[in-house]
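What follows is a single structure, written as structure tokens, with notes after it.
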There are 2 protein chains.
Amino acid sequence: MVTLSEENYLKAIYHLGKQGSVAVSTNAIAEQMETKASSVTDMIKKLADKNLANYIKYQGVSLTKEGRLAAASVVRKHRLWEVLLVEKLNFSWDEVHEVAEQLEHIKSEKLINELDAFLNYPEEDPHGDPIPDKDGNIKKVEKILLSQVSENQSCICVGVKDSSTDFLKYLDKHHISLGTSIKIISKEKFDESMTIDVNNTLINISKTVSNNIYVKKAS
Amino acid sequence: MVTLSEENYLKAIYHLGKQGSVAVSTNAIAEQMETKASSVTDMIKKLADKNLANYIKYQGVSLTKEGRLAAASVVRKHRLWEVLLVEKLNFSWDEVHEVAEQLEHIKSEKLINELDAFLNYPEEDPHGDPIPDKDGNIKKVEKILLSQVSENQSCICVGVKDSSTDFLKYLDKHHISLGTSIKIISKEKFDESMTIDVNNTLINISKTVSNNIYVKKAS
DNA sequence: ATATATTTTTAGTCTTGTCTAAAAATATAT
DNA sequence: ATATATTTTTAGACAAGACTAAAAATATAT
């Protein structure tokens, strides 16, 4: 049995391990989970004992195949629940995270499969993040940061990097959501801000913002 | 903050307190929760400290107004989730309990209200048990045990007393579910079994069975 | 290469919720 | 009414998960 706390650690390691494919450091996990490094060390040992993680003292952790599947399963549940919340229960995309953090730990194979079917097998959550399938596989989506797009190009918002409430509310205020068409009008060399056209309204966004919006080329 | 474990104790006291309106005994709670009496004593003290229960040593417990509301809220969530599982996610009535036991602890006011609306404000769960409203009020339903109905009378199944998987599967096998019409053909003095007509099929049921089916007079 | 800084681990403590075994209170039976 | 049985509580222990403070290992800087 994987405990709730173990699932949270697995998820953190899973997310941190995605980018660099090396071992994840104790401190990185502690920061991500807002806990202390010593607590992380304790838990890592438990995960290693259960064959969910590979651990060498002072060298960081990585997930075993089994651990990766367990982590992906939690992420799958989290994202499917988010879809339910937004599509059926009138949650906005900035309200779902906290509740999904709880729902992701519900243990029922049937529940999650039925939920998947009920939602019509969605491939992405409300923030544009891919939903792992039962085997933990995720569909890699073609996406680039809005900050990478050149002047005069048009693109479509397909996700966000930062899913914090503040950022999502900012996007709501400027009517940017998944599927929104964005045209880059001009870029400012000085502070790397850019002016973009959203629904025929021109707005100026900072580099921080453009660095946290994923887009794909307009088709 | 009411913890998960506290919620489970509140629920147990709530259910046990429904019938006799006196204080609930430590042992009764221990049996209901499949735990030890000493654990119950420990927890009761915590509930009393939090003003959720009234407790006098050796005299049993009852819930305070606050405790009763907290307990009713857990029951409300449990039963609403059961409705979702059966009506939207293809669960049968014998499969819902275990999952609802987990889901009932999810903390989100908005979630439960939206769920209520999404399900069209149901008044009963899949076993015919009433769903408390936000203030903890439940609609008393007119219902009697099938064992109380006389020969030649007709009635309609409106609930079950025993919600165990085994019993529910038994009912499924004999095509008895909520809303099913039942006519009492004859009663056996000897063992108090009865022969009933369900969808034009005659079946014989034991006193144990007729004592666990709630019905209302056919209208 | 050695000193300093940072990261990670260990050792020991705390809280929550559980348990066993024994003691105390209450209930029951003759 | 007293002895016996049952119920309830207390006392002390344990596991999970987290924390602090100190020690050990690794990384960095001169």
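All of these numbers come straight from a predicted model, not from anything done at the bench.
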A/Val61 pairs by side chain to side chain contact (heavy atoms under 4.5 Å, CB included) with which of A/Ile29, A/Leu47, A/Ile56?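 That would be A/Ile29; it is the only one of A/Ile29, A/Leu47, A/Ile56 passing the side chain to side chain contact (heavy atoms under 4.5 Å, CB included) with A/Val61.
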
Side-chain polar contacts of residues 136-150 of chain B - donor-acceptor pairs under 3.5 angstrom, sequence neighbours left out - could you list them?
residue, atom, partner, partner atom, Å
B/Lys139, NZ, B/Glu123, OE1, 2.8
B/Ser147, OG, B/Asn211, OD1, 2.8

A/Asp166-A/Ser164 side chain donor-acceptor pair, cut-off 3.5 Å: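 No.
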
From [X] [atom1] over to [Y] [atom2], what is the distance, rounded to the nearest 0.5 angstrom?
X	Y	atom1	atom2	answer
B/Leu69	B/Leu52	CG	CG	10.0 Å
A/Asp135	A/Arg76	CG	CZ	9.0 Å
A/Gln32	A/His15	CD	NE2	7.0 Å

Please work out the stems of DNA chain C from pairs that are Watson-Crick or G-U wobble with both distances under 3.5 Å, keeping only runs of three or more consecutive pairs.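 DNA chain C forms these stems: C:1-30 with D:1-30.
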
Which comes earlier along DNA chain D counting from the 5' end, the contact point of A/Lys46 or that of B/Ala28, where each point is its nearest nucleotide?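 Its nearest nucleotide lies further toward 5', so the answer is B/Ala28.
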
Among residues 7-14 of chain A, which residues get a heavy atom nearer than 4.0 Å to DNA chain D?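 Under 4.0 Å from DNA chain D: A/Tyr9.
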
Close residues, residues 34-42 of chain A, relative to DNA chain D [heavy-atom separation under 4.0 Å]: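 Correct list: A/Thr35, A/Lys36, A/Ser38, A/Ser39, A/Asp42.
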
Can you sort out the partners of B/Tyr170 under ring pair (Phe, Tyr, Trp, His ring centres under 6.0 Å), two or more places apart, ordered by chain and number?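 For B/Tyr170, the residues satisfying ring pair (Phe, Tyr, Trp, His ring centres under 6.0 Å) (neighbours in sequence not counted) are B/His174.
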
Sequence neighbours left out, what passes ring pair (Phe, Tyr, Trp, His ring centres under 6.0 Å) with A/His127? Give chain and number order.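 Ring pair (Phe, Tyr, Trp, His ring centres under 6.0 Å) list for A/His127, sorted by chain: empty.
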
Does B/Glu31 have any salt bridge (charged side-chain N to carboxylate O under 4.0 Å, His left out) partners at least two apart in sequence or in another chain, and if so, which?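 Salt bridge (charged side-chain N to carboxylate O under 4.0 Å, His left out) check on B/Glu31 returns nothing, list empty.
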
Going by salt bridge (charged side-chain N to carboxylate O under 4.0 Å, His left out), name the residues that satisfy it together with B/Glu101, two or more places apart in sequence or in a different chain.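 By the salt bridge (charged side-chain N to carboxylate O under 4.0 Å, His left out) rule, B/Glu101 matches B/Lys11.
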
Of residues 56-63 of chain A, the positions that come close to DNA chain C - non-hydrogen atoms, cut-off under 4.0 Å: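 Heavy-atom cutoff 4.0 Å gives A/Lys57, A/Tyr58.
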
Under the criterion side chain to side chain contact (heavy atoms under 4.5 Å, CB included), I'd like the reasoning laid out for B/Ile213 against B/Phe167: C-alpha separation, chi angles, the key distance, then a yes or no. CA-CA 10 Å; B/Ile213 296 176; B/Phe167 184 56; 3.8 Å; yes

Identify whether NZ of Lys or CZ of Arg in A/Lys88 sits under 6.0 Å from the centre of the six-membered ring of A/Phe118 and within 45° of that ring's axis.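 Because its charged atom sits under 6.0 Å from the ring centre and within 45° of the axis, A/Lys88 does stack over A/Phe118.
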
Test the A/Lys18-A/Tyr14 pair against the cation-pi criterion, namely NZ or CZ under 6.0 angstrom from the six-membered ring centroid and within 45° of the ring axis.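 Checked: cation-pi criterion met.
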
Taking side-chain hydrogen bond (donor to acceptor under 3.5 Å, both in side chains) as the definition, give me every residue that meets it alongside A/Ser177, ordered by chain and number, with sequence neighbours left out.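 For A/Ser177 the side-chain hydrogen bond (donor to acceptor under 3.5 Å, both in side chains) partners, ignoring immediate neighbours, are A/Thr180.
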
Looking at residues at least two apart in the chain, or sitting in another chain, which of them share a side-chain hydrogen bond (donor to acceptor under 3.5 Å, both in side chains) with B/Lys169?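 For B/Lys169, the residues satisfying side-chain hydrogen bond (donor to acceptor under 3.5 Å, both in side chains) (neighbours in sequence not counted) are B/Asp94.
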
For DNA chain D, which nucleotides open and close the run of contacts to chain B, 5' to 3', at under 4.0 angstrom from a non-hydrogen atom?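 Footprint of chain B along DNA chain D, 5' to 3': D/dT7 to D/dT10.
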
